[in-house]
Enquirer: 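My questions all concern the structure below.
Nothing here was measured: the structure is a model prediction, and the numbers come from that model. Sequence lines set the chain letters: A, B, ... in the order given, protein chains first and strands last, and positions in each chain run from 1.
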Number of protein chains: 2
Amino acid sequence: MAQSKSAADNGNRESERRRTILRAAIDVFARKGYHGCRIADVAKEAGVAYGLVYHYFKNKDELLETVFDTGWSGFVTRVRAVVEGEGPLSAKVHGVVDVAFEAYRVDPRAVKVLILEIARSPAGSRINRQTAFVDAIRLSSELFIRAKEAGELRADTDPLLSSALLFGAIEMGLTAFVTGLADSRDAQALERAKAQIADTFLHGVLADASPGAESAAWKPEKPSSEKSSTKSKAPKRP
Amino acid sequence: MAQSKSAADNGNRESERRRTILRAAIDVFARKGYHGCRIADVAKEAGVAYGLVYHYFKNKDELLETVFDTGWSGFVTRVRAVVEGEGPLSAKVHGVVDVAFEAYRVDPRAVKVLILEIARSPAGSRINRQTAFVDAIRLSSELFIRAKEAGELRADTDPLLSSALLFGAIEMGLTAFVTGLADSRDAQALERAKAQIADTFLHGVLADASPGAESAAWKPEKPSSEKSSTKSKAPKRP
DNA sequence: CCGCCGGCTGATTGAAGAATCAACCAGTCG
DNA sequence: CGACTGGTTGATTCTTCAATCAGCCGGCGG
């Protein structure tokens with residue numbers, strides 16, 4: 001970015017290096033998996049020396065953890081914005097699906113790492129990745145708790161499970177693309193999948209029939225800004 | 001098992017040892033994850049010596065692969081039986097869900113390993129674990145292809161994606177128990193989850209007229225009046 | 001022009017653990 | 001009852017990497 005060599009630029013260049021490494025880590029993790037790659041692979045991908053990775057990250061695990069923080073917290077922030085925003089349930093469900101698919105559109109590899117490495121990885125080291133996933137489900141379950149109190153949902157639905165099912169559907173939908181079951185270069189397929197996931201789920205869960213919003217009516221929006229602190233975002237390519 | 005010491009018993013005892021080790025592997029993998037455990041842990045769990053594991057399995061990976069073969073092929077066989085059997089779609093969907101939950105009831109740890117270690121593991125060694133999961137989805141997608149031709153499904157559903165969503169819902173439902181989000185000792189909760197997954201999915205995917213096979217008829221507490229008028233197009237955030 | 005400073009390098013180390021293998025022993029058979 | 005078989009053992013070897021650290025530039029201030 002900035003080409004100036006001023007002293008102030010120093011910190012800039014530092015964090016740029018850091019970002020390069022992080023980016024490389026995401027790519028390599030996505031390609032070979034966390035356990036399937038060496039720090040050397042990450043360094044090579046980033047075009048830096050082996051040891052530099054350790055200059056910016058305490059260890060391999062912190063690298064993954066940072067990938068996690070960066071990507072996941074951004075995702076959760078956006079989901080929270082949707083959940084806590086105004087509007088009917090159907091809009092929010094579409095919103096949650098949108099957030100997930102938008103993240104995928106922006107950076108499929110990062111999403112792949114989140115899904116394949118972090119969300120499902122067995123109880124690991126420091127961070128509680130398991131918990132992270134569970135937290136997101138709990139968060140969006142508030143949606144369904146409120147909706148159920150308002151009588152919007154079928155009587156026999158459990159809010160927590162509903163929330164889990166939504167995420168399950170989203171995740172498996174994305175997995176279909178991540179694993180190549182579906183062609184992720186096909187933008188239309190992505191749109192259709194998005195619509196079908198939200199609609200299927202809504203049809204399944206809503207008390208009254210038509211949620212009205214068939215796929216055609218739904219237009220994706222760019223998650224532009226967060227309510228308060230727009231900070232750590234899903235990794236983006238410049 | 002048979003205590004006789006006849007010669008014919010030999011082969012029996014061999015495979016019994018093997019099964020013991022396999023069983024131990026499942027337990028240890030479920031507890032600490034494939035990468036998080038040593039062969040020594042498996043041996044200890046099985047109550048055998050380190051080296052014996054290598055007498056029955058070529059290496060650590062073959063161990064996991066065998067766990068996979070054993071568990072997954074059984075699952076797929078049952079799913080195939082359901083898919084190729086007679087009956088309405090709704091019964092089959094319930095059947096598939098049943099198969100998954102029954103597997104969990106019978107051997108939760110094995111299911112945990114399948115879900116956490118195998119189905120989602122990144123492109124790893126030889127075996128096509130990725131493919132296996134995809135195959136199951138393809139298999140059950142035939143269900144939806146046929147149902148759609150029969151006009152049983154909403155027009156805008158993609159069979160393959162529907163199948164993926166069903167498995168996604170099942171998997172996340174099970175994950176809720178596997179990770180402790182829900183209490184898996186609570187048999188009722190399992191039953192309820194099972195029913196809700198199948199019903200939610202069916203409601204979401206079936207063409208409107210509810211087929212007789214549907215489970216308990218639910219009653220809306222009140223027709224949600226305003227909700228239906230508000231399109232999902234509503235802004236997901238102000 | 002020199003020498004310092006901090007980002008950067010990559011050979012080196014050593015821990016962890018997968019895989020091996022020579023010895024051991026519990027049965028079995030002649 | 002003694003030779004034999006093959007399942008079983010676990011110390012030993014060998015490999016793989018994560019993590020270290022002793023220095024190398026290259027810019028910058030003096």
Enquirer: Within this structure, what is the OH-to-P distance between B:Tyr56 and C:dA19, rounded to whole angstrom?
Expert: 18 Å
Enquirer: May I have the distance from B:His35 (atom NE2) to D:dC17 (atom C1'), rounded to whole angstrom?
Expert: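 The answer, rounded to whole Å, is 14 Å.
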Enquirer: Going by the rule salt bridge (Lys or Arg N to Asp or Glu O under 4.0 Å), which residues pair with B:Arg78 if we only count those two or more places apart in sequence or in a different chain?
Expert: none
Enquirer: Using modelled atom types and a 3.5 Å cut-off, is there a donor and acceptor pairing between side-chain atoms of B:Lys60 and backbone atoms of B:Ile39?
Expert: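 Such a contact is absent between B:Lys60 side chain and B:Ile39 backbone.
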Enquirer: Could you list the residues that satisfy side-chain contact (heavy atoms from CB on, under 4.5 Å) with B:Ser73, not counting sequence neighbours?
Expert: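 For B:Ser73 there are no side-chain contact (heavy atoms from CB on, under 4.5 Å) partners, ignoring immediate neighbours.
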Enquirer: What pairs meet the salt bridge (Lys or Arg N to Asp or Glu O under 4.0 Å) rule with one or both residues in residues 45-56 of chain B, with sequence neighbours excluded?
Expert: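 Sorted pair list: B:Arg31-B:Glu45.
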Enquirer: Who are the side-chain contact (heavy atoms from CB on, under 4.5 Å) partners of B:Ser184, not counting sequence neighbours?
Expert: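 With sequence neighbours excluded, B:Ser184 shows a side-chain contact (heavy atoms from CB on, under 4.5 Å) to B:Tyr104, B:Phe177, given in chain and number order.
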Enquirer: How many Å lie between NZ on B:Lys60 and P on C:dT20, as a whole number?
Expert: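 Atom-to-atom, B:Lys60 to C:dT20, this comes out as 15 Å.
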Enquirer: Among all residues two or more places apart in sequence or in another chain, which pass the salt bridge (Lys or Arg N to Asp or Glu O under 4.0 Å) test with A:Arg38?
Expert: none
Enquirer: D:dG7 C1' sits how many Å from B:Arg19 CZ, rounded?
Expert: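 Atom CZ in B:Arg19 sits about 17 Å away from atom C1' in D:dG7.
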Enquirer: Taking atom C1' of D:dA19 as reference, at what distance in whole Å does atom CD of A:Glu62 sit?
Expert: 13 Å
Enquirer: Between C:dG7 atom P and A:Arg18 atom CZ, what is the distance in whole Å?
Expert: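 So the CZ-P distance, A:Arg18 to C:dG7, works out to 14 Å.
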Enquirer: Applying salt bridge (Lys or Arg N to Asp or Glu O under 4.0 Å), can you list everything that pairs with B:Asp183, at least two apart in sequence or on another chain?
Expert: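 B:Asp183 satisfies salt bridge (Lys or Arg N to Asp or Glu O under 4.0 Å) with B:Arg185 once adjacent residues are dropped.
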Enquirer: Let me check the geometry of the helix from C:dC1-D:dG30 to C:dG30-D:dC1. What is the bend angle between the axes at its two ends, five pairs each, to 10°?
Expert: 20°
Enquirer: For B:Glu84, enumerate each residue passing the side-chain contact (heavy atoms from CB on, under 4.5 Å) test, keeping only those at least two apart in sequence or located in another chain.
Expert: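 Counting only residues at least two positions away or on another chain, B:Glu84 forms a side-chain contact (heavy atoms from CB on, under 4.5 Å) with B:Arg80.
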Enquirer: Between A:Asn59 (CG) and C:dA15 (P), how many Å, whole number?
Expert: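 Nearest whole value for this atom pair: 17 Å.
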Enquirer: Could you check whether the rings of B:Phe75 and B:Trp72 sit parallel, tilted or perpendicular, using 30° and 60° as the cut-offs?
Expert: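 Because their plane-to-plane angle lies in the 30° to 60° range, the rings of B:Phe75 and B:Trp72 count as tilted.
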Enquirer: Residues of residues 37-45 of chain A with any non-hydrogen atom less than 4.0 angstrom from an atom of DNA chain D: list those, numerically ordered, please.
Expert: A:Cys37, A:Arg38, A:Ile39
Enquirer: Show each protein N/O and nucleotides 9-13 of chain C N/O combination with a separation under 3.5 Å, one pair to a line.
Expert:
{"residue": "C:dT9", "atom": "OP2", "partner": "A:Ala49", "partner atom": "N", "Å": "3.0"}
{"residue": "C:dG10", "atom": "N7", "partner": "A:Gly51", "partner atom": "N", "Å": "3.1"}

Enquirer: In whole angstroms, how far is the P atom of D:dT8 from the CZ atom of B:Phe57?
Expert: 12 Å
Enquirer: Could you tell me which residues satisfy salt bridge (Lys or Arg N to Asp or Glu O under 4.0 Å) with B:Asp27, sequence neighbours excluded, listed by chain and number?
Expert: B:Arg23, B:Arg109
Enquirer: Go through the structure and list residues passing side-chain contact (heavy atoms from CB on, under 4.5 Å) with B:Ser141, not counting sequence neighbours.
Expert: B:Ile145, B:Leu160, B:Ser163
